[in-house]
Amino acid sequence: MARATAIPSQSFLEALVSELKILLTENIHAVAKDKLSEEGFKVDLLAHSPSEDELMQILPQYQILGIRSKTEITQKVLEANKHLLTIGCFCIGTNQVDLKNARKWGVPVFNAPHSNTRSVAELVIAEMISLSRQLGDRNTQAHQGGWVKSAEGAHEVRGKTLGIVGYGHIGSQVSVLAESMGLKVIFYDIVKKLPLGNAIGKATLNELLAESDFVTLHVPETPETKDMISKKELMAMKKGAHVINASRGTVVVIEDLVEALKAKHIAGCAIDVFPEEPASNKVKFASPLQGLPNVILTPHIGGSTEEAQYAIGLEVAESFRRYLRIGSSSGAVNFPNVDLPVKQGTSRLLNVHRNEPGVLGEINGIISKAGANIEGQYLSTDPEIGYLVMDVHATQVQALAEQIGKLSRSIRTRVVY
Ligand code: NAI
């Protein structure tokens with residue numbers, strides 16, 4: 001580690017950063033490497049998803065790891081690589097990482113939950129128009145030599161009512177886009193939300209269902225949203241209405257939707273997510289919805305665009321930069337979230353410890369014994385660990401970090417500047 005000073009010099013900061021090596025796997029978008037290299041980190045790339053054995057061999061050289069959804073980070077990998085500072089999932093989901101053990105070893109895990117919001121919203125808009133004009137069926141027929149030129153059952157979306165269930169990041173984007181095309185927007189959310197534009201919040205799901213020409217679902221997967229749209233809800237919808245689901249596969253009861261489509265109560269649907277999805281592009285996909293008219297089926301591509309991949313690359317690289325440079329853990333999915341501005345003229349010490357009584361007293365005891373001045377101290381805890389950020393005036397900040405690091409309950413201690 002580099003030498004410590006009372007007021008960190010630029011060269012001291014650069015020395016800390018240039019000692020850190022980052023491995024980005026699974027063809028993570030090039031923008032991530034560009035951004036992190038510009039910041040002075042050494043970045044290596046791996047095109048594929050490394051196996052557990054490969055990770056065991058290569059990880060000792062790296063302090064920071066970037067993965068996408070295919071690389072499994074197991075307890076074994078984490079226990080053998082306790083030097084890892086952070087892991088970034090350059091995707092939305094984080095269940096490929098053993099988050100509990102990562103936290104146990106003081107490793108915050110970052111992801112990019114909202115980088116693909118706009119991509120999903122745009123797909124929903126396209127699907128609304130496609131369902132209104134039965135584009136899926138006309139396209140298939142034309143490819144097969146059919147010529148079905150007819151206005152019957154084809155409608156403009158202008159003036160129709162769109163019901164959005166879940167008015168969060170995606171739902172509210174859909175709201176803005178739909179309104180600009182002349183739709184009337186209503187929404188239902190369990191949390192009180194500020195309506196955007198002229199959108200109107202509805203008090204109950206049933207009210208929304210009864211008024212909507214299109215119902216689009218943008219809720220998370222929770223016990224409450226499981227089977228949220230079943231026979232009862234479908235029958236509560238207007239005859240001839242449409243259902244769009246690009247949220248989670250568990251939200252709609254597919255068999256009930258099939259029945260409602262066959263009974264022509266529901267005029268069409270666009271489904272991007274399914275209760276069971278193939279594990280890879282090589283596995284065959286089967287659904288009872290296949291072959292039904294005006295049914296658009298897509299393989300969970302709502303958020304899959306090049307723009308979203310770029311945004312994900314930038315978002316996680318920025319989380320790395322903020323954690324490594326200033327100790328900000330904001331956005332980490334398994335770790336107390338702390339976000340503090342840089343304090344000029346001080347050094348910053350980070351400490352992750354087991355959350356047991358008396359730890360803070362021990363740390364402060366070391367600091368006062370060394371005659372160091374604490375300029376700011378911020379502690380955030382969860383039931384298992386505490387994350388302490390300290391801004392100190394000290395001539396020997398590195399020595400201080402070493403002493404604190406030796407405490408039996410310290411998991412990780414690091415000087416960031
Ligand atoms: P978000 O967390 O920003 O919004 C979800 C909203 O649903 C929140 O406002 C919440 O209060 C509301 N909500 C929760 N439970 C509810 C309930 N029982 N009834 C009504 N409202 C409820 O989430 P975001 O980013 O908008 O994502 C929405 C969904 O889209 C998630 O399920 C996510 O997994 C999925 N998604 C799908 C993608 C795809 O490729 N198809 C890509 C990205 C996200």
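Just so you know, ligand 1 is whichever comes first in the structure, and atom 1 is the first atom listed for that ligand. This is a predicted model, so every value here is computed, not measured. All residue numbers in this chain count up from 1 along the given sequence.
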Any protein heavy atom nearer than 4.0 Å to atom 25 (O) of ligand 1
yes
For atom 15 (N) of ligand 1, which protein heavy atom lies nearest, and how many Å away is it?
Ile190 CD1, 3.3 Å
the protein heavy atom lying closest to atom 37 (C) of ligand 1 turns out to be Ala246 O, 3.2 Å
Indicate whether the side chain of Ser130 and that of Glu127 have a donor and an acceptor atom separated by less than 3.5 Å.
no
Identity and distance of the protein heavy atom lying nearest atom 4 (O) of ligand 1
Gly168 CA, 3.3 Å
Might you work through the salt bridge (Lys or Arg N to Asp or Glu O under 4.0 Å) test for Glu307 and Arg118, ending with a clear yes or no?
CA-CA 9 Å; Glu307 287 79 1; Arg118 175 68 183 217; over 6 Å; no
How far is atom 35 (C) of ligand 1 from the closest protein heavy atom, and which atom is that?
Ser247 O, 3.5 Å
Of Tyr62, Phe320, Phe41, which meets side-chain contact (heavy atoms from CB on, under 4.5 Å) against Leu20?
Phe41
Give yes or no for whether the N/O distance cutoff of 3.5 Å, strictly under, is met between Pro113 and ligand 1.
no
Decide whether an N or O pair under 3.5 Å exists between His169 and ligand 1.
yes
Can you find an N or O of Gly303 that's nearer than 3.5 Å to an N or O of ligand 1?
yes
Would a 4.0 Å cut-off, counted as strictly less than, catch a protein heavy atom around atom 40 (O) of ligand 1?
yes
Indicate the ring-plane relationship of Phe335 and Tyr323, choosing parallel, tilted or perpendicular according to the 30° and 60° boundaries.
perpendicular
So the atoms of ligand 1 within less than 4.0 Å of a heavy atom of His114 turn out to be 25 (O)
Does the pair Asp339 and Arg322 meet the rule for a side-chain contact (heavy atoms from CB on, under 4.5 Å), with working shown?
CA-CA 9 Å; Asp339 197 4; Arg322 289 179 59 75; 2.4 Å; yes
Step by step, work out the salt bridge (Lys or Arg N to Asp or Glu O under 4.0 Å) result for Glu356 and Arg409.
CA-CA 8 Å; Glu356 292 168 9; Arg409 287 172 290 193; 3.7 Å; yes
I'd like to know whether CD of Glu276 has more than 12 heavy-atom contacts from other residues, nucleotides or ligands below 6.0 angstrom.
no
Using a strict 4.0 Å cut-off to heavy atoms of His300, name the atoms of ligand 1 that fall inside it.
39 (C), 40 (O), 41 (N)
If I apply the N/O under 3.5 Å rule, does Ile301 come out as touching ligand 1?
no
Out of Lys193, His218, Lys192, whose heavy atom is nearest to atom 5 (C) of ligand 1?
His218
Checking Val148 against Arg138 for the side-chain contact (heavy atoms from CB on, under 4.5 Å) test, could you report, in this order, the C-alpha distance in whole Å, the side-chain angles of both residues, the deciding distance, and whether it holds?
CA-CA 7 Å; Val148 185; Arg138 293 300 89 80; 3.9 Å; yes
Short version for Val120: what comes under 4.0 Å of ligand 1, heavy atoms counted, is side chain
Here the gap from Asp44 atom CG to Ile58 atom CD1, rounded to the nearest 0.5 Å, amounts to 9.5 Å
Is there a nitrogen or oxygen of Asp272 sitting under 3.5 Å from a nitrogen or oxygen of ligand 1?
yes
Return the closest protein heavy atom for atom 14 (C) of ligand 1 as residue, atom name and distance.
Pro220 CD, 3.3 Å
Closest non-hydrogen protein atom to atom 18 (N) of ligand 1, residue and atom name please, with distance?
Thr225 CG2, 3.6 Å
Is ligand 1 under 4.0 Å from a heavy atom in the side chain of Val219, in the backbone, in both, or in neither?
both
Do Thr222 and ligand 1 have an N or O pair less than 3.5 Å apart?
no
Does any N/O atom on Ile170 come nearer than 3.5 Å to any N/O atom on ligand 1?
yes
Can Ser49 and Thr71 be counted as having a side-chain donor-acceptor contact under 3.5 angstrom?
yes
Which protein heavy atom lies closest to atom 19 (N) of ligand 1, and at what distance to 0.1 Å?
Met228 CE, 3.3 Å
So the atoms of ligand 1 within less than 4.0 Å of a heavy atom of Val191 turn out to be 11 (O)
Just say parallel, tilted or perpendicular for the rings of Tyr167 and Phe187, cut-offs at 30° and 60°.
parallel
Nearest heavy atom to atom 43 (C) of ligand 1 wins, so pick from Asn116, Thr305, Ile271.
Asn116
So do Gln96 and Cys91 actually touch side chain to side chain, heavy atoms under 4.5 Å?
yes
For the residue pair Phe285 and Phe274, is the inter-centroid distance of their aromatic rings smaller than 6.0 Å?
yes
At what distance is the nearest protein heavy atom to atom 9 (O) of ligand 1, and which residue and atom is it?
Asp189 OD2, 2.6 Å
Answer yes or no on whether Arg348 is positioned over the face of Tyr378, meaning its NZ or CZ is under 6.0 Å from the six-membered ring centre and within 45° of the axis.
no
